[in-house]
Amino acid sequence: MVYDWFNRQASDDVSTEKVLEEKAEGSEELSSDSSNNQEESSPMNQEESSLEWARSAYARLKAQQEQQKTSQASVEIDSASETALTANVQPELSAQSSSLEAGGSLLEQAALQRQSRQQELEARVEEVSPQLAQQSQFSETSPEPKLGEFDETFAWSAEVLAAQGRKPEKISLEEIDWLGRLRRGLEKTRQGFVKGLLENLGDDPLTPEVLDDLETLLLRADAGVEATDQVLDALRRRMNEEVVDPAEGLRFLKQQLCNLLEAPIQDTGTDLLAPERGRLNIWLFVGVNGVGKTTTLGKLANLAVRSGYSALIAAADTFRAAAVEQVKVWGARSGVPVIANSTANADPAAVVFDAIGAARSKSTDLVLVDTAGRLQTKHNLMEELQKVRRIIDRLAPEARVESLLILDASQGQNGLRQAMAFAQAAALTGVVITKLDGTSRGGVALAVASEARLPIRFIGAGEGIRDLRPFNSFEFVEALLANY
């Protein structure tokens, strides 16, 4: 079953802005009705409703899993029957081949039909065997998600999906699995940020001292000065209007963080970056050495294939040793062809030239271009990147081109400076943040959105091939503050 991650929000007609508005309206209704109908809007009733939704979703996913097991068993039975039929046909072919010369035309025709059937079966086995070997290799590195026990992580993931207006029958196991991975990936950032919030919020209304402590926490998470000031100014204005209790302060904080992350995305007019069907899409991956460009490209190739798109990889990193071989490994894992030139110091633009030609001949949806790592201060390498872009513009003027910066979250403010420099030289259209699971500086996402004004398109929160997915600001903030 194909799950299209690139059209996840569009297919459900849900946007982050709409979610935030509905949550804000719901909070206002809750506060205004609390005096009249406190029992109906109590936190206990809300928790029970969320738990009931989660249990309904779990039951549906479990039923789907059982149905898949039944279907798989049926396929295995059919396969065994076909194998037995093939074994029975072979002796008949041997016995009748010796009597074909003496036999009549009907017998000869039947024998030829059986022989043709045998050849078709053998050809089918030869064709499928490499695919099975590839799937076997791939399954070792990327096991399919499995439905585990109904635990706290599942309930939280279901609650996040429900808050976005999703229905229990419309969610997938892959979404539940990803949210659990995202929550675990942000653990280091959450430990420093959320623990500090818990200690400072308490049960009393917000005070200026609490905001000072929140400022320290945001800066420590590398959220950046501009993002921190924007969030705190909004909170101060709210405090000047009314008394803000901890629960309302937290809800308002989440809303401000989401708005900050969502602003550059809304400016592009594209909520979710996806390859456009019926048109050549070319995505360039740029960044400094060691941020994980090739790995990210391989994960995105896998994501595209799993979402039902055809993809091709251009191994244009011809400077780094073994870079081409690494790309080929990722291509084999995802079943994506790789266009490469193993010659030392080959021209990256020539590789891109060949990749565009191959993509056109095969009507490929998406071309992923791996480029050499370079410091933003190396002007000659930045010029080489611009040359690749000129080749694309000349050969495929009709193509939709995206230039994505791969940013290592652990580099914090240094990564932000990289984004600012690359944005000028490489005509960036978006950012992919990687290695969120290995740092406590996950707040750099806020700095990228507020200071570099670049939309975050994908995030990576682990080393597995499934640990990279399209960015969703609402889910990111909920995972960051998951302990509440």
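When reading the values below, keep in mind they use all heavy atoms of this one structure, side chains included, and skip hydrogens, waters and symmetry mates. Values in this document were obtained by computation on a predicted structure and should not be read as measured data.
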Distance check, rounded to the nearest 0.5 Å: [X] atom [atom1] versus [Y] atom [atom2]?
X: Leu395; Y: Ile392; atom1: CG; atom2: CD1; answer: 9.0 Å
X: Ile433; Y: Arg457; atom1: CD1; atom2: CZ; answer: 12.5 Å
X: Thr294; Y: Lys299; atom1: OG1; atom2: NZ; answer: 12.0 Å
X: Ile465; Y: Glu463; atom1: CD1; atom2: CD; answer: 13.0 Å
X: Leu284; Y: Arg389; atom1: CG; atom2: CZ; answer: 6.5 Å
X: Glu478; Y: Glu159; atom1: CD; atom2: CD; answer: 7.5 Å

Q: Could you walk me through whether Ile391 and Arg394 pass side chain to side chain contact (heavy atoms under 4.5 Å, CB included), step by step?
A: CA-CA 5 Å; Ile391 287 291; Arg394 180 167 62 87; 3.4 Å; yes
Taking the cut-offs as 6.0 angstrom to the six-membered ring centre and 45 degrees off its axis, would you call [X] and [Y] a cation-pi pair?
X: Arg333; Y: Trp330; answer: yes
X: Arg183; Y: Trp156; answer: yes
X: Arg469; Y: Trp5; answer: yes

Q.
Quick check: Phe471 with Phe458 (ring centres under 6.0 Å apart)?
A. no
(Q) Taking the ring centre of each residue, are Phe285 and Trp283 less than 6.0 Å apart? (A) no
Counting distance only, does the side-chain N/O of [X] pair as donor-acceptor with the main-chain N or O of [Y] below 3.5 Å?
X: Ser307; Y: Asp4; result: no
X: Thr270; Y: Leu272; result: no
X: Ser334; Y: Gly331; result: no
X: Arg190; Y: Ala479; result: yes
X: Ser310; Y: Asp365; result: yes
X: Arg166; Y: Ala163; result: no
X: Thr189; Y: Thr439; result: yes
X: Thr429; Y: Ser403; result: yes
X: Asp467; Y: Gly464; result: yes
X: Lys293; Y: Leu407; result: no

**Q.** Verdict with supporting geometry, Leu428 and Leu404, side chain to side chain contact (heavy atoms under 4.5 Å, CB included)
**A.** CA-CA 6 Å; Leu428 293 181; Leu404 301 175; over 6 Å; no
Under 3.5 Å, is there a donor on one side chain and an acceptor on the other for [X] and [Y]?
X: Arg60; Y: Gln64; answer: no
X: Asp271; Y: Gln266; answer: yes
X: Thr371; Y: Asp317; answer: no
X: Ser473; Y: Glu262; answer: yes
X: Thr153; Y: Asp151; answer: no

Quick one, [X] and [Y] - any side-chain contact, counting heavy atoms below 4.5 Å?
X: Trp53; Y: Ile171; result: yes
X: Val336; Y: Asn302; result: no
X: Asp370; Y: Gln326; result: no
X: Leu161; Y: Glu175; result: yes
X: Glu174; Y: Arg466; result: yes
X: Gln230; Y: Leu260; result: yes
X: Phe474; Y: Gln164; result: yes

Q. Relative to each other, are the rings of Phe154 and Phe150 parallel, tilted or perpendicular (30° and 60° limits)?
A. tilted
Q: Under the salt bridge (charged side-chain N to carboxylate O under 4.0 Å, His left out) rule, collect the residues that match up with Glu66, sequence neighbours excluded.
A: none
Q | With Asp354 via salt bridge (charged side-chain N to carboxylate O under 4.0 Å, His left out) - residues at least two apart | A | none
(Q) Looking at Gln67, I want to see if its CD is surrounded by more than 12 non-hydrogen atoms of other residues, nucleotides or ligands under 6.0 Å. (A) no
**Q.** Whether over 12 other heavy atoms sit under 6.0 Å from Gln191 CD
**A.** yes
**Q.** salt bridge (charged side-chain N to carboxylate O under 4.0 Å, His left out) between Glu398 and Arg279, intermediate numbers included
**A.** CA-CA 8 Å; Glu398 80 289 353; Arg279 182 181 180 184; over 6 Å; no
Q: Take Ile282 and Arg400 through the test side chain to side chain contact (heavy atoms under 4.5 Å, CB included) and record every step on the way to the result.
A: CA-CA 6 Å; Ile282 303 175; Arg400 179 182 176 184; over 6 Å; no
Q. Nearest heavy-atom pair of Lys387 and Ala349: which atoms, and what distance?
A. CE-CB, 4.0 Å
Q | Of all pairs that satisfy ring-ring contact (aromatic ring centres under 6.0 Å, His included), the ones with a partner from residues 288-311, not counting sequence neighbours | A | Phe6-Tyr309
Q: Decide yes or no on side chain to side chain contact (heavy atoms under 4.5 Å, CB included) for Val444 and Gln411, but give the supporting numbers first.
A: CA-CA 9 Å; Val444 71; Gln411 295 184 355; over 6 Å; no
Q.
Under the criterion side chain to side chain donor-acceptor pair (under 3.5 Å), I'd like the reasoning laid out for Arg251 against Gln255: C-alpha separation, chi angles, the key distance, then a yes or no.
A. CA-CA 6 Å; Arg251 187 205 64 79; Gln255 183 179 0; 3.1 Å; yes
**Q.** Derivation and outcome, salt bridge (charged side-chain N to carboxylate O under 4.0 Å, His left out), residues Glu451 and Arg453
**A.** CA-CA 5 Å; Glu451 297 184 37; Arg453 311 292 187 194; over 6 Å; no
Q. Is the closest basic N to carboxylate O distance between Arg8 and Glu475 below 4.0 Å?
A. yes
